S.K.: 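Before I ask anything, let me first share the structure, which is written out below as structure tokens.
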Amino acid sequence: MAAKSVSSTLKRLLSEIKNISSETNYKDSLAAQYINSQFRKYETTEQQHCRAREEMKFTAETYLCYLSSVRKLKELNETYSGKGERSIRETADMVGFKLPHDPK
């Protein structure tokens with residue numbers, strides 16, 4: 001169970017690196033190479049208990065949270081960035097409200 005958790009953390013972390021990487025092959029980036037080397041360095045078997053591995057997993061999850069939060073913040077800023085004055089209809093559409101229709 002723990003090895004599966006660590007490998008899923010590694011996959012998610014590399015996925016976030018892929019999202020922010022400007023290189024075509026993100027696996028060649030220095031960040032991805034460093035992350036892979038650290039995960040290999042603290043690889044253990046089921047019969048071993050390694051405190052450094054637990055610390056590495058915690059640090060990886062912290063970086064994963066940071067990278068995904070930065071990506072989500074960037075998406076929110078792009079969506080809701082100040083574009084000057086907006087009409088009432090644009091603002092209502094943006095937040096999911098519907099305007100009442102004028103009875104004519």
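For clarity, every value in this text was computed on a predicted model and none was experimentally measured.
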S.K.: Give me each pair satisfying salt bridge (charged side-chain N to carboxylate O under 4.0 Å, His left out) with a member in residues 88-97, each pair once, sequence neighbours excluded.
M.R.: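 Sorted result for residues 88-97: empty, none.
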S.K.: Using the test side chain to side chain contact (heavy atoms under 4.5 Å, CB included), find all partners of Gln38 that sit at least two apart in sequence or belong to another chain.
M.R.: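 With neighbours one apart ignored, the set is Tyr34, Lys41, Tyr42.
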S.K.: Please list all pairs passing the salt bridge (charged side-chain N to carboxylate O under 4.0 Å, His left out) test where one or both residues lie in residues 63-75, with sequence neighbours left out.
M.R.: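 Every salt bridge (charged side-chain N to carboxylate O under 4.0 Å, His left out) pair that includes a residue of residues 63-75, provided the two are not neighbours, is Glu16-Arg71, Arg71-Glu75.
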S.K.: With sequence neighbours left out, write down each residue that passes side chain to side chain contact (heavy atoms under 4.5 Å, CB included) with Tyr66, or none if nothing qualifies.
M.R.: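 Tyr66 satisfies side chain to side chain contact (heavy atoms under 4.5 Å, CB included) with Val70 once adjacent residues are dropped.
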S.K.: Checking one residue: Ile88. Which other hydrophobic residues are in its cluster under the side-chain 4.5 Å linking rule?
M.R.: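 Its cluster mates, by chain and number, are Leu99.
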S.K.: Tell me, please, which residues at least two apart from Glu61 pass side-chain hydrogen bond (donor to acceptor under 3.5 Å, both in side chains).
M.R.: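 By the side-chain hydrogen bond (donor to acceptor under 3.5 Å, both in side chains) rule, Glu61 matches Lys57.
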S.K.: Look up atom CZ in Arg40 and atom CD1 in Ile35, then write down how far apart they are to the nearest 0.5 Å.
M.R.: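 So the CZ of Arg40 and the CD1 of Ile35 are separated by 11.5 Å.
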S.K.: Is the side chain of Thr91 donor-acceptor paired with the backbone N or O of Ser87 at a distance under 3.5 Å, no angle test?
M.R.: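 Yes.
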S.K.: The criterion is side chain to side chain contact (heavy atoms under 4.5 Å, CB included); which residues satisfy it with Tyr63, sequence neighbours excluded?
M.R.: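 For Tyr63, the residues satisfying side chain to side chain contact (heavy atoms under 4.5 Å, CB included) (neighbours in sequence not counted) are Leu13, Thr59.
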S.K.: Can you name the closest pair of heavy atoms from Phe97 and Val95 and give their distance?
M.R.: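 For Phe97 and Val95, the tightest heavy-atom pair comes out as CD1-CG2, 3.3 Å.
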S.K.: Test side chain to side chain contact (heavy atoms under 4.5 Å, CB included) on Asn36 and Leu14; report intermediate values, then the result.
M.R.: CA-CA 9 Å; Asn36 279 323; Leu14 289 176; 3.8 Å; yes
S.K.: If you count the non-hydrogen atoms of other residues, nucleotides and ligands that lie under 6.0 Å from CD in Glu85, is the total more than 12?
M.R.: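 No, CD of Glu85 has 12 or fewer neighbouring heavy atoms, counting only those of other groups under 6.0 Å.
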